[in-house]
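Start at 1 and go down the list; that is how both ligands and their atoms are numbered.
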Amino acid sequence: MDARTAELLGSALSASGPIVFLTGAGVSAESGIPTFRGAEGYWRVGSTNYRAEELATYEAFSRMPEEVWAWYLYRRGVCRAARPNAAHLALVDIERSLEARFLLVTQNVDGLHLRAGSSPERTYQIHGNIDFMRCEDEHPRVRPIPESIPFDWPKAHALGDVERAALRGCARGAWARPHVLFFDESYDEALFRFESTLRAMKEAAALVVVGTSGATTLPAHAVDLAVRRRIPLVVINQDQSPFTEAAGRSPAGHVLLGTAGQHLPPIASFLRGAR
Ligand code: OAD
């Protein structure tokens with residue numbers, strides 16, 4: 001790990017407040033899950049009939065729930081077949097070192113941070129989790145997608161009677177929906193920890209951003225708060241992004257160009273050594 005990262009993390013350790021790690025699809029890329037905006041990304045590929053931007057919306061779900069569900073079931077299978085990688089494991093190690101000062105805010109719906117061993121209490125899944133569904137018309141009760149639905153869902157495979165019955169489990173036979181934040185929806189506290197994330201950023205001692213292109217609003221607020229509060233801001237990414245630019249502008253900012261799997265393990269050993 002370079003001297004500047006050590007200096008910034010060292011100063012965060014001697015301050016108070018949470019050290020927040022914000023992750024995006026780049027963290028799971030090394031597990032084989034396509035990112036959203038990369039060449040093979042989900043936003044580019046979509047389903048057979050629709051582009052992803054058209055599918056990942058509440059508007060599409062209310063008009064064609066079966067098409068949207070088939071796409072999510074396919075993506076859920078891709079996530080389930082993937083295994084946590086060195087970056088996920090490093091974050092588990094970092095949580096062990098930082099304990100109550102650790103907070104993980106993830107945009108990833110693949111559940112890999114939790115499967116790697118990050119604690120549910122300190123992992124905010126701000127875009128939901130693809131293994132779960134919920135009913136709209138009830139007090140939102142998040143529950144696992146029923147076991148009758150297989151994980152190895154082929155691409156563009158239509159729902160059958162079994163799936164229809166399992167997914168229409170809401171009051172009066174209404175469709176359950178994937179427990180994800182659709183593109184045309186807003187963050188909230190109860191489901192997506194919106195206020196908790198902002199509160200943590202107002203108290204944070206540092207923010208480490210990993211593998212995200214900076215295209216969504218809550219992460220953009222978090223980075224903005226880090227810059228305005230002049231707390232250490234370390235951005236790990238393969239490519240330039242609005243967040244690497246923000247780190248470049250911030251007096252306490254630093255960019256580590258490269259992969260999550262390359263840069264997070266050395267940070268984990270540094271924090272373990274500093275305990
Ligand atoms: P993107 O696909 O937009 O960005 C992934 C970022 O990770 C890019 O900047 C890549 O350069 C970088 N990257 C790729 N592989 C990497 C690696 N191995 N190590 C480090 N960086 C790597 O994905 P997100 O930023 O996560 O939201 O997308 C954010 C949100 O956009 C998603 O959660 C989704 C979408 O709208 C919702 O569905 C609500």
Side-chain angles (χ1 to χ4, degrees), residues 5 21-47 50-61 68 71-72 74-76 78-79 82-91 104-113 123-132 177-188 191-194 197 207-223 234-248 255-267:
T5 309
F21 289 79
L22 166 66
T23 63
V27 166
S28 294
E30 290 162 89
S31 293
I33 300 178
T35 61
F36 284 89
R37 297 174 181 81
E40 293 295 312
Y42 283 123
W43 281 164
R44 294 180 192 237
V45 179
S47 75
Y50 298 92
R51 283 181 299 121
E53 300 91 315
E54 298 173 290
L55 285 176
T57 62
Y58 188 75
E59 188 277 320
F61 177 72
V68 172
W71 187 58
Y72 274 94
Y74 163 67
R75 287 180 50 202
R76 165 180 174 257
V78 173
C79 294
R83 295 277 163 268
N85 65 51
H88 298 106
L89 298 175
L91 283 161
L104 176 56
V105 175
T106 186
Q107 299 167 83
N108 299 341
V109 298
D110 53 41
L112 281 177
H113 285 304
T123 304
Y124 294 174
Q125 300 180 109
I126 61 167
H127 291 170
N129 184 315
I130 205 160
D131 281 326
F132 292 80
R177 54 162 289 166
H179 174 49
V180 295
L181 182 70
F182 285 132
F183 219 48
D184 52 353
E185 294 181 306
S186 307
Y187 291 103
D188 73 359
L191 293 169
F192 302 113
R193 311 305 301 267
F194 179 68
T197 301
L207 174 65
V208 181
V209 180
V210 198
T212 173
S213 66
T216 46
T217 56
L218 182 53
H221 283 314
V223 170
V234 177
V235 176
I236 300 171
N237 215 63
Q238 250 184 358
D239 308 297
Q240 301 291 346
S241 75
F243 291 163
T244 60
E245 282 163 30
V255 176
L256 295 171
L257 273 187
T259 68
Q262 176 189 349
H263 289 298
L264 278 175
I267 290 180

Provide the number and element of each atom of ligand 1 under 4.0 Å from a heavy atom of N237.
-> 7 (O), 8 (C), 9 (O), 10 (C), 11 (O), 12 (C), 21 (N)
Give a yes or no on whether a salt bridge exists between E30 and R83, defined as a side-chain N under 4.0 angstrom from a carboxylate O.
-> no
Geometric N/O contact G24 with ligand 1, under 3.5 angstrom = no
If only atom types and distance count, is the side chain of S28 paired as donor or acceptor with the main-chain N or O of S31 below 3.5 Å?
-> no
A student checking ligand 1 against T35 at a 4.0 Å heavy-atom cut-off should list atoms 2 (O)
Looking at ligand 1, does P219 have a heavy atom less than 4.0 Å from it?
-> no
Nearest option to atom 32 (C) of ligand 1, as decided by whichever heavy atom of F183, Y187, F36 sits closest | F36
Please report the C-alpha distance between V209 and V223 in whole Å, then the side-chain angles of each, then the deciding distance to 0.1 Å, and finally whether the side chain to side chain contact (heavy atoms under 4.5 Å, CB included) criterion is met.
-> CA-CA 8 Å; V209 180; V223 170; 3.9 Å; yes
Quick one: does ligand 1 sit under 4.0 Å from the side chain of Q238, the backbone, both or neither, non-hydrogen atoms only?
-> both
May I ask which of A260, G211, S241, S28 has a heavy atom nearer to atom 7 (O) of ligand 1 than the others do?
-> G211
With a 3.5 Å cut-off and no angle check, do the side chains of S213 and S241 form a donor-acceptor pair?
-> no
Is there a nitrogen or oxygen of T212 sitting under 3.5 Å from a nitrogen or oxygen of ligand 1?
-> yes
Where do L181 and I126 land on the side chain to side chain contact (heavy atoms under 4.5 Å, CB included) test, with the steps shown first?
-> CA-CA 8 Å; L181 182 70; I126 61 167; over 6 Å; no
Which of the numbered atoms in ligand 1 are below 4.0 angstrom from a heavy atom of D239?
-> 10 (C), 11 (O)
For ligand 1, which part of T216 has a heavy atom less than 4.0 Å away: the side chain, the backbone, both, or neither?
-> side chain
So the atoms of ligand 1 within less than 4.0 Å of a heavy atom of A29 turn out to be 15 (N)
Quick check, are the ring centers of H179 and F192 under 6.0 angstrom apart?
-> yes
Is ligand 1 under 4.0 Å from a heavy atom in the side chain of E30, in the backbone, in both, or in neither?
-> side chain
Hey, are T23 and Q107 close enough side-chain-wise for a donor-acceptor pair under 3.5 Å?
-> no
Aromatic rings F182 and Y58: how do their planes relate, parallel, tilted or perpendicular, breaks at 30° and 60°?
-> tilted
